[in-house]
Amino acid sequence: MLRILVREEVNRLSKPGQSPTFQTPGLTYKPLFKITEVCELLHITKPTIYEWIRYGKLKPYKIQSRVYFLWQDIQLLLNPTDQRNE
C-alpha cells in the first residue's frame, strides 16, 4: 500500500510543465522567473531570449549557477508603451 502511494505521489510531481509553487506571505506576484518560465509566458524560444539578452532588451540575473529574470523587466516587454509614458 505504501509503495502505491509513493509511486502515485512521484508520478504526480514528475509530470512535465508542473513545478512546485511556494507561497510567500505578502507577495502578490512571483518576482523571479526562470528562462523556461519566460519562454512559456511569452510563447518564445530560448534562442530568442539569448538574443534579447545580447541586445540588452532583457537583463539576466545570475544566482549561483541559475539565471533568472525580474518580473518588472518582463512587464516592460509585455507593455512597451508603459516605459515611454514614464
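Throughout, numbering of the chain's residues begins at 1 and tracks the sequence.
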Engineer: Quick check for you: to the nearest 0.5 Å, what is the distance between Leu41 atom CG and Glu37 atom CD?
Structural biologist: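 That separation rounds to 9.0 Å.
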Engineer: Could you tell me which residues satisfy side chain to side chain contact (heavy atoms under 4.5 Å, CB included) with Leu78, sequence neighbours excluded, listed by chain and number?
Structural biologist: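 Listed in chain order: Leu42, Ile74, Gln75.
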Engineer: Leu76 and Leu70: same hydrophobic cluster, using ILVMFWY side-chain contacts below 4.5 Å?
Structural biologist: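 No: no chain of side-chain contacts under 4.5 Å links Leu76 to Leu70.
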Engineer: Kindly write out the residues that satisfy side chain to side chain contact (heavy atoms under 4.5 Å, CB included) with Ile63, not counting sequence neighbours, or none if the list is empty.
Structural biologist: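 For Ile63 the side chain to side chain contact (heavy atoms under 4.5 Å, CB included) partners, ignoring immediate neighbours, are Leu32, Tyr68.
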Engineer: Working to the nearest 0.5 angstrom, can you tell me the gap between Ile49 CD1 and Leu58 CG?
Structural biologist: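 Reported value, rounded in 0.5 Å steps: 5.5 Å.
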Engineer: Got a sec, which pairs hit side-chain hydrogen bond (donor to acceptor under 3.5 Å, both in side chains) with one end in residues 45-65, sequence neighbours left out?
Structural biologist: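 Every side-chain hydrogen bond (donor to acceptor under 3.5 Å, both in side chains) pair that includes a residue of residues 45-65, provided the two are not neighbours, is Thr45-Thr48.
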